[in-house]
Protein chains: 2
Amino acid sequence: MPHVPDAPSPDLTAVIARNRPRFRTATEFVEAAMREAILGGVLPAGAPLRQEELAAAFGVSRMPVREALRQLEARALVEFHPHRGAVVAAISAEDSADIGTIRTALEPAALRLSLPGLTAEDLGLAADLLAEMDGEADPGRMGELNRRFHMTLYARAGRPRLLALVEQHLAAADRYLRFQFVALGYQSRSQDDHYALLAACRAGDADAACAIVVDHVTAAGKELTAFLKKPA
Amino acid sequence: MPHVPDAPSPDLTAVIARNRPRFRTATEFVEAAMREAILGGVLPAGAPLRQEELAAAFGVSRMPVREALRQLEARALVEFHPHRGAVVAAISAEDSADIGTIRTALEPAALRLSLPGLTAEDLGLAADLLAEMDGEADPGRMGELNRRFHMTLYARAGRPRLLALVEQHLAAADRYLRFQFVALGYQSRSQDDHYALLAACRAGDADAACAIVVDHVTAAGKELTAFLKKPA
DNA sequence: AATCGTTAGATTGGATCCAATATCCGCGCA
DNA sequence: TGCGCGGATATTGGATCCAATCTAACGATT
């Protein structure tokens, strides 16, 4: 009697409700909601993605779900195993090195382009985000704030594709770093970097800012790699 | 009486035949073949992608076609217009600047990682590819050789995701540069760069090689941007 | 004659239906 | 008792069917 799918988690229902009105087609809606759920940790790495179950949760048929899953596959967020279903993509230690390299290459480039265009409001917003992060305990929220802080500093690069790539890899790293945030002293060290980065941006010192970003990303990559190698 | 779709072009049929045996599921096969067709210029930018027509050409139903189109959408190779169909994505002058920035950031990183691991066979293969390019007139073949030359030099980076990103953006640029190859003196200048790059790699001079790559990519980006701005 | 509204047709978006394949369990046999 | 085989079952992959909507052509009205 397996035909009755499990009820979706309350978190997932929240993500679904938040995204439903934003899109005209069901496929886009499902794709956006699932991406948010995966990046936000609501659907953890390795979680099996039953098409029927998701369709019921989203209130659509299996087809938009399948199309959305294919899009997420192209973004390396889910993996298909033929005739065995899709799962939320897990990240390996090699992947983490990979992502670290990509971030180290892209983020300084984005920052260098963006820095001259940053306004006082941008810097103020970044400062606000940092302040909020200081008191934040929830890892999911923390990840989102971290992403938004970085992206705020890069936003004026005026390169939508570059920024999308950066955000994608930032999110991919964050999704795993989440587990670190509470465990180790990583969070405070990361915040130190953030404040130093913001100061360099205020000073308009591109070289210093880029150097901080490189260090910051490298450190995050090392934490992540170590974490991924440990629990095996 | 519009129900009879056009016959596919001979080029497309060739791509289809070449890819069919390589995959287990229809969706993967369609995705691979369509990607090759788009990157190879068989399906030019702006071409409308009728689902029924493609399904007939591939010998499958519309569903695998739709899934494949969604994957290609996630890779920014096709665009969906709700209820109006999908078209092969065109690239704007801004996109080209974007892609240039991304390449300029990623390719030196890939080269730097790869260079120490390059073998004599790798360098020999690269030289062979260059030699073949000297006598090549077909733009599609030229683009493929160019891609393979670059990727050969980056291959030992041991970063699959980075290399996939590099190849993706290299291909995106090539797809448009194709029109340049014959028209201008671009081809010979590009080949000069290639030979210089290969020499620097043979010498193991990472800094020089990266500088050449940056120049080369920048020049290609400028050509592309100029071309895209010209014909309106 | 030009423009706007109406309507027919084609095409996509979504749902349902069928077939193919993988998993899981139990049974038989060594 | 352990291993391998076989059938039952669930789940995916693919095909077909229906509804929603966009396009285009035609005609009426000014």
Participant: Measure from the side chain of V60(B), starting at C-beta and using heavy atoms only, and say which of dG13(C), dT16(C), dA15(D) lies closest.
Facilitator: dA15(D)

Participant: I'd like to know if R24(B) and E28(B) make a salt bridge, using a cut-off of under 4.0 Å between side-chain N and carboxylate O.
Facilitator: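 Salt bridge between R24(B) and E28(B), a charged N being under 4.0 Å from a carboxylate O: no.
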
Participant: What nucleotide among dG14(C), dT12(D), dT23(D) has an atom nearest to a side-chain atom of R84(B)?
Facilitator: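 Selected nucleotide: dT23(D).
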
Participant: Is there a side-chain contact between T13(B) and F58(B) in this structure, where contact means two heavy atoms from C-beta onward sitting under 4.5 Å apart?
Facilitator: no

Participant: State whether T27(B) places a side-chain N or O below 4.0 Å from either non-bridging phosphate oxygen (OP1 or OP2) of dG14(D).
Facilitator: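 Yes, because at least one side-chain N or O of T27(B) sits under 4.0 Å from OP1 or OP2 of dG14(D).
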
Participant: For E52(A) and dC17(C), what is the distance between atoms CD and P respectively, to the nearest whole Å?
Facilitator: 12 Å

Participant: What I want to find out is whether R141(A) reaches E132(A) closely enough, with some N-O distance under 4.0 Å, to be called a salt bridge.
Facilitator: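 A salt bridge is present here (some side-chain N lies under 4.0 Å from a carboxylate O).
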
Participant: With a 3.5 Å cut-off and sequence neighbours excluded, list the donor-acceptor pairs that the side chains of residues 74-95 of chain A form with protein atoms.
Facilitator:
residue: S92(A); atom: OG; partner: E94(A); partner atom: N; Å: 3.4
residue: S92(A); atom: OG; partner: E94(A); partner atom: OE1; Å: 3.3
residue: S92(A); atom: OG; partner: D95(A); partner atom: N; Å: 3.0
residue: S92(A); atom: OG; partner: D95(A); partner atom: OD2; Å: 3.3
residue: D95(A); atom: OD2; partner: S92(A); partner atom: N; Å: 3.3

Participant: In this structure, how many angstroms lie between the C1' atom of dT9(D) and the CZ atom of R50(A), rounded?
Facilitator: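 Result: 13 Å.
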
Participant: Rounded to whole angstroms, how far apart are CZ on R62(A) and P on dA15(D)?
Facilitator: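 The answer, rounded to whole Å, is 14 Å.
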
Participant: Atom CZ of R70(B) to atom P of dG14(C): distance rounded to whole Å?
Facilitator: 7 Å

Participant: For R66(B) and dT11(C), give me the distance from atom CZ to atom P, rounded to whole Å.
Facilitator: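 R66(B) atom CZ is separated from dT11(C) atom P by 15 Å.
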
Participant: Between atom CD in E28(B) and atom P in dG13(D), what is the gap in whole Å?
Facilitator: 9 Å

Participant: From CE of M63(A) over to P of dC17(C), roughly how many Å is that when rounded to an integer?
Facilitator: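 My rounded result for the distance is 13 Å.
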
Participant: Starting from C1' on dT23(C), measure out to NE2 on H83(A) and report it in whole angstrom.
Facilitator: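 In whole Å, dT23(C) C1' and H83(A) NE2 are 13 Å from each other.
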
Participant: With nearest nucleotide decided by heavy atoms, which residue, R24(B) or H81(B), maps closer to the 5′ end of DNA chain C?
Facilitator: H81(B)

